[in-house]
Peer 1: 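Mind looking over this structure? Questions follow.
Reminder, nothing fancy here: chain letters follow the sequence lines and each chain counts from 1. Worth knowing before you read on, the calculation uses all heavy atoms, side chains too, and leaves out hydrogens, waters and symmetry mates.
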There are 2 protein chains.
Amino acid sequence: MVINDRERPVPAVTIADVARLAGVGESTVSRVLRRSGSYSEETRDKVLRAVSALGYVPNRIAGALASTESDLVALIVPSLANIVFPDVLRGASVALESSGFQSVIGVTDYEEAREEDLIASVLAWRPRALILAGLEHTDRSRAMIAASGVRVAEILDLDGQGIDHVVGFSQHAAGRDTARHLVGRGRRRLAYLGIRLPGDSRARKRHEGFLAGLAEAGLSPADQELVPAPSSAEAGRIGLATLLARTPDLDAVYFVNDDMAIGGYFHCLAEGITVPDRLALFGFNGLEVGQALPQPLSTIRTPRYRAGEVAAGLLLAQAPATVVDTGYELVPGATS
Amino acid sequence: MVINDRERPVPAVTIADVARLAGVGESTVSRVLRRSGSYSEETRDKVLRAVSALGYVPNRIAGALASTESDLVALIVPSLANIVFPDVLRGASVALESSGFQSVIGVTDYEEAREEDLIASVLAWRPRALILAGLEHTDRSRAMIAASGVRVAEILDLDGQGIDHVVGFSQHAAGRDTARHLVGRGRRRLAYLGIRLPGDSRARKRHEGFLAGLAEAGLSPADQELVPAPSSAEAGRIGLATLLARTPDLDAVYFVNDDMAIGGYFHCLAEGITVPDRLALFGFNGLEVGQALPQPLSTIRTPRYRAGEVAAGLLLAQAPATVVDTGYELVPGATS
DNA sequence: TTGAAAGCGCTAACAT
DNA sequence: ATGTTAGCGCTTTCAA
């Protein structure tokens with residue numbers, strides 16, 4: 001630890017200073033800076049000169065208060081611990097930043113109560129719009145949103161009733177399609193490997209869809225295991241080892257996500273378990289790294305970036321409440 | 001695409017409404033809500049009852065304007081495309097959210113000019129503090145920061161002069177230590193595999209450090225390759241294939257990061273190249289997935305979460321300008 | 001303990 | 001084309 005030396009000035013250039021230096025009225029400065037209304041070329045130059053001479057930075061807090069609208073968009077996500085939600089943020093922020101909006105983010109850790117708190121504090125900033133993950137929210141969250149009149153986009157889920165815009169796909173269907181795919185390839189002894197994270201409603205819906213898909217074929221899971229959160233490759237390795245120790249004759253495992261499935265694949269590599277002949281592995285998300293494995297992972301590729309992008313687009317366009325099914329892509333890969 | 005049906009009310013409960021309903025003055029409501037000044041138990045109850053009856057949500061825009069201080073902290077990062085910066089955000093946002101601060105984020109795509117624009121727009125919100133990646137910024141960025149008087153933390157680099165707080169480690173030293181490690185293990189035909197991303201000054205510094213480390217041992221790189229951005233496992237596979245095609249007798253490759261190195265490892269698996277006997281692989285970052293490989297990746301584990309956490313902590317504590325060397329950990333692993 | 005009143009720095013009519 | 005003047009919804013003296 002070293003101490004930097006540093007002065008701390010406390011300036012405060014306001015629009016009045018700029019107006020004075022430029023020899024014009026405050027509203028004229030405001031017009032020039034916002035390119036609204038009309039002003040002469042000459043006035044504009046005077047103003048801009050004054051702005052840069054003073055190093056004036058407009059105060060959006062005052063601007064937002066006066067105009068009663070902000071350029072803030074709030075994004076509240078469950079987690080930043082794997083690449084899924086950063087991908088969503090990326091898609092949204094490209095759209096938002098190119099339109100001059102600012103992103104305010106919050107992380108719920110998959111807890112509805114935490115989400116509620118974040119919604120409350122973020123609404124205090126009167127954001128132009130709100131992006132949330134999933135369709136499950138507390139009653140108070142819904143009430144606050146309704147009372148504020150803020151536009152909302154809920155993303156990455158389609159199984160339920162939305163508040164305003166909904167952009168995503170059916171998690172249930174994804175789970176069911178996975179079961180159908182594996183059963184279609186002749187698998188009969190299937191297991192599910194998830195994590196203990198009650199707040200992850202999307203994972204729960206996939207799981208339910210998977211069981212429904214098995215039931216369609218008259219099957220029930222040969223085994224199931226939930227390892228402690230967070231999901232990780234290491235957790236996938238361990239979880240698969242546990243499953244196989246308990247139920248050696250499994251012929252397929254559905255992992256809650258690719259991170260876990262990749263770990264499962266490594267377990268097979270290390271133990272000499274032939275994939276997919278002896279055991280099929282199936283993930284979820286379609287992460288890049290899974291596709292670079294010696295055998296590309298069988299998985300469902302989800303439109304995360306696109307969901308963020310589309311949600312932001314609807315919000316920016318002030319579109320009427322819309323439901324967009326972005327779909328997903330089942331990637332057969334080489335592990336099933 | 002389906003249209004949700006939805007009403008759009010436009011309420012506007014203000015502190016005046018609360019004051020009226022509670023039968024007290026506005027300033028009393030303000031005091032109760034901010035737990036500042038003094039008020040009777042009874043008054044407090046009346047106010048809180050009115051607040052919940054009306055569903056009042058304080059307007060922080062007005063509050064920030066009146067008090068000339070916001071609870072916003074801005075984080076400007078180069079990218080969200082791999083887990084490195086989300087980890088930083090995670091560390092920072094835990095610290096910030098628990099103190100009631102809001103995170104505003106911006107993504108520069110590794111471009112200083114973009115960073116400058118983001119700094120300008122974010123400063124318009126008069127944030128309490130600013131977290132930036134690295135020490136390289138445009139002159140105008142520095143000028144705006146100085147003029148605004150905002151506190152700053154620059155993270156993940158220590159090689160250069162900081163503006164205010166600096167939290168990170170020497171990227172140059174990390175590259176140099178990697179060279180020393182590989183040379184120490186008897187490697188003599190070393191290559192560097194990076195990506196074409198001129199704005200990534202931290203990667204550049206590692207690369208320079210690596211070359212310096214080789215030079216110490218009287219060596220120069222046997223080959224070098226830069227593949228097009230972004231970095232990915234697939235890019236690592238391809239890059240390694242390219243290197244080996246051109247320089248078959250390499251005995252070690254230093255990858256710009258773990259994502260790339262993991263792809264390189266997969267290439268070796270697929271091609272039957274014995275690691276580390278025939279070829280040593282070394283990455284950077286210490287990603288979880290790399291440690292779950294059948295052979296844990298040799299790499300340098302970087303304190304990303306911690307950097308965000310420490311930076312936020314210094315900022316929240318209003319500490320005097322401080323330089324914190326968080327260090328890094330060389331993980332020998334099994335691929336070198 | 002509480003209320004009145006003056007801003008915070010800007011935008012949005014409304015004049016001119 | 002440009003200036004004047006009210007606010008926007010709070011916080012903060014300052015009195016009472």
Side-chain angles (χ1 to χ4, degrees), chain A residues 10-48 50-51 54-72 121 123-128 147-149, chain B residues 10-48 50-51 54-72 121 123-128 147-149:
Chain A
V10 185
V13 184
T14 73
I15 206 170
D17 301 317
V18 176
R20 204 171 309 122
L21 180 58
V24 302
E26 298 185 20
S27 52
T28 300
V29 174
S30 177
R31 282 185 208 104
V32 170
L33 260 26
R34 284 175 306 110
R35 300 172 175 68
S36 86
S38 51
Y39 44 82
S40 69
E41 187 97 342
E42 191 196 337
T43 303
R44 198 204 45 175
D45 292 348
K46 279 191 300 188
V47 169
L48 295 183
V51 164
L54 297 172
Y56 171 68
V57 176
N59 184 331
R60 278 196 180 290
I61 294 176
L65 181 61
S67 66
T68 62
E69 62 179 1
S70 82
D71 60 0
L72 258 22
S121 40
L123 285 182
W125 282 99
R126 302 294 187 266
R128 193 62 141 283
S148 74
Chain B
V10 186
V13 183
T14 71
I15 205 170
D17 301 316
V18 177
R20 203 170 311 122
L21 179 59
V24 303
E26 299 185 19
S27 49
T28 301
V29 175
S30 176
R31 281 184 209 106
V32 171
L33 261 25
R34 285 176 304 107
R35 302 172 173 68
S36 86
S38 51
Y39 44 84
S40 69
E41 188 99 337
E42 189 197 338
T43 302
R44 197 204 47 175
D45 292 346
K46 280 192 297 187
V47 169
L48 294 183
V51 163
L54 295 172
Y56 170 67
V57 176
N59 184 330
R60 278 197 180 290
I61 294 177
L65 181 60
S67 65
T68 62
E69 62 179 3
S70 81
D71 61 0
L72 259 21
S121 39
L123 285 182
W125 281 99
R126 303 293 188 266
R128 195 62 142 282
S148 75

Peer 1: With a 3.5 Å distance limit and no angle check, can you tell me whether B/Ser67 reaches the backbone of B/Gly63 through a side-chain donor-acceptor pair?
Peer 2: yes
Peer 1: Specify the separation, in whole Å, of atom CG of A/Leu65 and atom C1' of C/dC8.
Peer 2: 9 Å
Peer 1: Pick from A/Val29, A/Val24, A/Leu33: which one makes a side chain to side chain contact (heavy atoms under 4.5 Å, CB included) with A/Val18?
Peer 2: A/Val29
Peer 1: When you measure from the side chain of A/Ser70 to the backbone N and O of A/Ala64, does any donor-acceptor pair fall under 3.5 Å?
Peer 2: no
Peer 1: From A/Arg20 CZ over to A/Thr14 OG1, what is the distance, rounded to the nearest 0.5 angstrom?
Peer 2: 6.5 Å
Peer 1: Can you tell me how far apart CG (B/Leu48) and OG1 (B/Thr43) are? Round to the nearest 0.5 Å.
Peer 2: 10.5 Å
Peer 1: Could you pick out which residue, B/Lys46 or B/Arg126, lies toward the 5' side of DNA chain C when each is mapped onto its nearest nucleotide?
Peer 2: B/Lys46
Peer 1: For B/Ser40 and A/Val57, take the nucleotide of DNA chain C holding the closest heavy atom to each; which residue's nucleotide lies nearer the 5' end?
Peer 2: B/Ser40
Peer 1: Between A/Arg35 (side chain) and A/Val32 (backbone), is there a donor-acceptor pair under 3.5 Å?
Peer 2: no
Peer 1: To the nearest 0.5 angstrom, please state how far the CZ atom of B/Arg126 sits from the CZ atom of A/Arg60.
Peer 2: 10.5 Å
Peer 1: Please figure out whether B/Tyr56 or A/Gly37 has its closest DNA chain D nucleotide nearer the 5' end.
Peer 2: A/Gly37
Peer 1: What integer distance in Å separates B/Arg60:CZ from D/dG9:C1'?
Peer 2: 13 Å
Peer 1: How long is the line joining CG of B/Asn59 and C1' of D/dG9, in whole Å?
Peer 2: 6 Å
Peer 1: Report, one pair per line, the protein and nucleotides 11-15 of chain D atoms (nitrogen or oxygen only) whose separation is under 3.5 Å.
Peer 2:
unit_1 : atom_1 : unit_2  : atom_2 : d
D/dT11 : OP1    : B/Arg34 : NE     : 3.3
D/dT11 : OP2    : B/Ser30 : OG     : 2.4
D/dT12 : OP2    : B/Arg34 : NH1    : 3.2

Peer 1: Name the closest nucleotide to the A/Thr28 side chain, picking from D/dT2, D/dG9, C/dC8.
Peer 2: D/dT2
Peer 1: Which nucleotide wins on minimum distance to the side chain of A/Ser38, given the candidates C/dT2, C/dG9, D/dA1?
Peer 2: D/dA1
Peer 1: Find which nucleotide of DNA chain D each of A/Val24 and B/Ile61 is nearest to by heavy atoms, and output the residue with the more 5' nucleotide.
Peer 2: A/Val24
Peer 1: B/Thr68 side chain: which of D/dT2, C/dC8, C/dC10 is closest?
Peer 2: C/dC8
Peer 1: Would you kindly give the CG-to-C1' distance between B/Leu54 and D/dG9, to the nearest whole Å?
Peer 2: 15 Å
Peer 1: Using whole Å, what does the distance between atom P of nucleotide C/dG9 and atom CH2 of B/Trp125 come to?
Peer 2: 15 Å
Peer 1: Rounded to whole Å, how long is the line connecting atom CD of B/Glu41 with atom C1' of C/dT2?
Peer 2: 16 Å
Peer 1: Please tell me if B/Tyr39 has a side-chain N or O lying less than 4.0 Å from either OP1 or OP2 of C/dG3.
Peer 2: no
